[in-house]
*Asks:* 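First the structure, which I've put down as structure tokens, then a few questions once you've had a look.
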2 protein chains.
Amino acid sequence: MVTLKEIAQECNVSATTVSNILNGKPKVSEETRLKVLDVVKRRGYQPNYIAQGLRNQKTRTIGIIAEDIAQFSTPGMIESIMAFCEEKGYRTIVQNLRLYARWQESWFNNEEAYRSVLEPALQELRSIKVDGLIYVAGHARIIHFFKEDLSMPAVMAYAYTDSPAVPAVVIEDEQGGYDIMKYVLSMGHRRIGIIGGRADNIHTKKRLLGAQKAMFEAQVLYNPDWVRYGAWDRDSGYEMAKPLIDAGVTAIFCMADRMAGGVYDYLEECGLKAGVDVSVAGFDNQDVAEYFRPALTTMALPLSEIGHKSAEILLKEIDGEWKAASGGTPVEIGVPCTLVVRKSVGKIEA
Amino acid sequence: MVTLKEIAQECNVSATTVSNILNGKPKVSEETRLKVLDVVKRRGYQPNYIAQGLRNQKTRTIGIIAEDIAQFSTPGMIESIMAFCEEKGYRTIVQNLRLYARWQESWFNNEEAYRSVLEPALQELRSIKVDGLIYVAGHARIIHFFKEDLSMPAVMAYAYTDSPAVPAVVIEDEQGGYDIMKYVLSMGHRRIGIIGGRADNIHTKKRLLGAQKAMFEAQVLYNPDWVRYGAWDRDSGYEMAKPLIDAGVTAIFCMADRMAGGVYDYLEECGLKAGVDVSVAGFDNQDVAEYFRPALTTMALPLSEIGHKSAEILLKEIDGEWKAASGGTPVEIGVPCTLVVRKSVGKIEA
DNA sequence: TTGTAGGCGTTATCAT
DNA sequence: ATGATAACGCCTACAA
């Protein structure tokens, strides 16, 4: 790599002068300026960002820590974080914790294992002297690993924090559950089954709350027997479909498109038609939803908005334009989900 | 961040001594060793990787440049690259070029735009002084942007190079095309349509070649009229299905699962059943394939093997155990695709 | 056994 | 207008 010093030598000037020219400092003679610029171009000199950071303690670089880039929700957020940062003249760097790839779901409550992976990633970003950090979670929960001083501005994307210093940008699960249930109700359904994710999961709880609210507003009695919990996957959907169908529901709201896939499986096995005999609604709007037959009505996750918002807030923090939460309550920014109507929820006579 | 110097001060020793202790150098009194180690632990000191690299010109860090992490094939490769590197004690850092997100496909032949994005990423990695680089391409083609001195070991994943210094790890498209066509033939089909990707695409050409070979071996006449080209997407599949069905094929091999989705669409529209009236085979084994009805028979991309192999080769290069290609021919490592039999190809009487 | 000096690439400060 | 110096955090060679 060509260095400043080499350029300086070749031009018979000091490194300082070259640096000044490159950084647009005023007091330089036009003559030296041109000479230096010429050599810089010819030699293809590029500054070493890291050395700059070492000196300036500012890098105009944002660190992104992803819990797992293979989680379906992650690339969309990262993409929009990067787009925004780039627009604002910030570089980005990604650290991938690979949490799910390593341990499936067994890390959720294993703080020690978790930290053994998180710490090196943080250390790497601190070493690079990134100006700020966005933590992209794989699923919503309260992450309290941010208490100790991060020594840099940070934003949590897709999960909650208990630190007032770290704003959280999350999806509005409750509104999502509300909207889709309201839609199902609007199609005339009254006996509606629900297949949630794991019962203790934040997404599950909030979506359920929203759904209940919609039912309450429509004066439809909430029947706990019609609520089942799964593990977010296709098999769970299949398994939980039976009791619900047996109970005579006319529609099933699944809190994940993939679980809806399992419901389709069960329906097919019974010779029932999704969207006709039994309506199905999903959540997530994963790519698969469009390939279901009939195509799946679902809620779209506002991934790119979350990424955008997170980056926006982080840069504000960095510029000192962000007022920390007053009174020690963590700031929480909710971004709404969007209903995507396709073909899997049919209209019925009430 | 706590620094070496601070630790040294607190212990009343020199930075050298602390450094020596931390790096396991021999000549240190047990007494100072314990004292220092204690303070290191208490203050939570962590070495600055970057400063180490600045000094050592070695970081035990691998840079990954992804053309777009939102390409479906990319996370799988990155995941396995990281797993392997970590196992070998290397850290990784990702740069995402976001090529498709920026420009869809219009960058393919716009070298200037391409370089304006590639260069900063390379620069960043050079600044960090990564020990090597894996470039994860979004689709196969010959990438000749590696001629100029990269000044570090590099491996190309999922695309080809024309530089003998950069080994390429690619999928065996020809074998893939061959295997799946052979399977379709084995199910009794003789009138087989093919929907390729873009006609000038390497994947398309090689898979077609393999398919032709299988047909030749089975003594089935190759009919150019039964070969159509699409744009890898669902719409193309839909569009190209009609002429093929009209021509009376009994099976269609689509070079992308998503195009197969389009074929399913057309079939449904015609009241035809995939896998019964017309068989369909895909390629890629994307997540969607399993949700098709009937589930799609397809070729699985060896993404994790490609990542693994790429990382393996790169670390060999770094350790000087990799002999560069002799005679200026680029090295090319092919990794085979795997047939995944599901339900979309039915058996028929020949 | 421990410490000093120098340098990795850059820039701010303070001369000249 | 230009340059010498020091410093960012770390490590290695060499000196004490």
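First the proteins, then the strands, lettered A, B, ... as listed; each starts at 1.
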*Asks:* State whether T3(B) places a side-chain N or O below 4.0 Å from either non-bridging phosphate oxygen (OP1 or OP2) of dG9(D).
*Replies:*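 Negative; the distance criterion is not met.
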*Asks:* Could you verify whether a donor N or O on one side chain and an acceptor N or O on the other, from E67(A) and Y158(A), lie under 3.5 Å apart?
*Replies:*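 Judged by distance alone, the side chains do not pair up.
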*Asks:* Any salt bridge linking E6(A) with R42(A)? Criterion: basic side-chain nitrogen under 4.0 Å from a carboxylate oxygen.
*Replies:*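 Salt bridge absent between E6(A) and R42(A).
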*Asks:* Using distance alone, with no hydrogens and no angle criterion, decide if T16(A) and S19(A) have a side-chain donor and acceptor under 3.5 Å apart.
*Replies:*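 Not at all, the side chains of T16(A) and S19(A) share no donor-acceptor pair under 3.5 Å.
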*Asks:* Between C1' on dC8(D) and OH on Y49(A), what's the gap in Å once rounded to a whole number?
*Replies:*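 It works out to 19 Å between those atoms.
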*Asks:* Between C1' on dG9(C) and CG on L54(B), what's the gap in Å once rounded to a whole number?
*Replies:*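 Spelled out: CG on L54(B) to C1' on dG9(C) is 6 Å.
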*Asks:* Rounded to whole Å, please give me the gap between CD in E30(B) and P in dT1(C).
*Replies:*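 Whole-Å distance recorded here is 11 Å.
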*Asks:* Within a strict 4.5 Å, meaning less than it, do heavy atoms of the I81(B) and H308(B) side chains meet?
*Replies:*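 No, their side chains stay 4.5 Å or more apart.
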*Asks:* Is K5(B) close enough to dC8(D) that one of its side-chain N or O atoms is under 4.0 Å from OP1 or OP2 there?
*Replies:*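 For K5(B), the contact criterion (side-chain N or O under 4.0 Å from OP1 or OP2 of dC8(D)) is met.
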*Asks:* Kindly calculate the angle separating the two end axes of the helix from dT1(C)-dA16(D) to dT16(C)-dA1(D), each obtained from five base pairs, and round it to 10 degrees.
*Replies:*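 End-to-end axis angle for the helix from dT1(C)-dA16(D) to dT16(C)-dA1(D): 60°, rounded to 10°.
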*Asks:* Closest to the K27(A) side chain: dC8(D), dT1(C), dT2(D)?
*Replies:*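 Closest of the options to the side chain of K27(A): dT2(D).
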*Asks:* Within the pair T17(A) and dT2(D), is there a side-chain N or O less than 4.0 Å away from OP1 or OP2?
*Replies:*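 For dT2(D), OP1/OP2 do not have a side-chain N/O of T17(A) under 4.0 Å.
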*Asks:* Give one of base, sugar-phosphate or nothing for S127(B), where a contact means two heavy atoms less than 4.0 Å apart.
*Replies:*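 No contact.
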*Asks:* To the nearest Å, how far apart are Q9(A) CD and dG9(C) P?
*Replies:*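 That distance rounds to 11 Å.
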*Asks:* Step by step, work out the ring pair (Phe, Tyr, Trp, His ring centres under 6.0 Å) result for W107(A) and Y100(A).
*Replies:* CA-CA 8 Å; W107(A) 54 275; Y100(A) 295 86; 5.3 Å; yes
*Asks:* Find the distance R60(A):CZ to dT10(C):P and express it as a whole number of Å.
*Replies:*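 Atom CZ in R60(A) sits about 19 Å away from atom P in dT10(C).
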*Asks:* Just how far, in rounded Å, is P of dG6(C) from CD of Q57(B)?
*Replies:*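 One finds 20 Å between P of dG6(C) and CD of Q57(B), rounded.
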*Asks:* Got a salt bridge between R126(B) and E119(B), using NZ or NE/NH1/NH2 to carboxylate O under 4.0 Å?
*Replies:*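 Salt bridge present between R126(B) and E119(B).
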*Asks:* Of the options L118(B), I93(B), V94(B), which is the one that meets I65(B) in a side-chain contact (heavy atoms from CB on, under 4.5 Å)?
*Replies:*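 The side-chain contact (heavy atoms from CB on, under 4.5 Å) with I65(B) is passed solely by L118(B) among L118(B), I93(B), V94(B).
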*Asks:* Nearest heavy atom decides the nucleotide; on that basis, is T32(B) or K129(B) closer to the 5' end of DNA chain C?
*Replies:*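 With T32(B) and K129(B) compared, the 5'-side residue is T32(B).
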*Asks:* Rounded to whole Å, please give me the gap between CD1 in I128(A) and P in dC10(D).
*Replies:*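 Atom CD1 in I128(A) sits about 15 Å away from atom P in dC10(D).
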*Asks:* If I take atom CD in residue Q123(A) and atom P in nucleotide dG9(D), what distance separates them, rounded to the nearest angstrom?
*Replies:*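 Value for this atom pair: 13 Å.
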*Asks:* Quick check for you: among dC10(D), dT2(D), dG9(C), whose closest atom lies nearest to any side-chain atom of V28(A)?
*Replies:*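 Shortest atom-to-atom distance from the side chain points to dT2(D).
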*Asks:* Side-chain contact, heavy-atom cut-off 4.5 Å: R60(B) with D131(B)?
*Replies:*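 Yes, close enough: below the 4.5 Å cut-off.
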*Asks:* Reading nucleotides 11-16 of chain C 5' to 3', which nucleotides get B (base under 4.0 Å from a protein heavy atom), which S (sugar-phosphate only), which -?
*Replies:* BBB---
*Asks:* For the pair E86(A) and R98(B), find out whether any cationic side-chain nitrogen is under 4.0 Å from an anionic carboxylate oxygen.
*Replies:*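 Between R98(B) and E86(A) there is a salt bridge, with a charged N closer than 4.0 Å to a carboxylate O.
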*Asks:* Less than 4.0 angstrom from a charged side-chain N to a carboxylate O is my criterion; do K309(A) and E305(A) meet it?
*Replies:*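 Looking at E305(A) together with K309(A), the answer is no, because their closest N to O distance does not fall below 4.0 Å.
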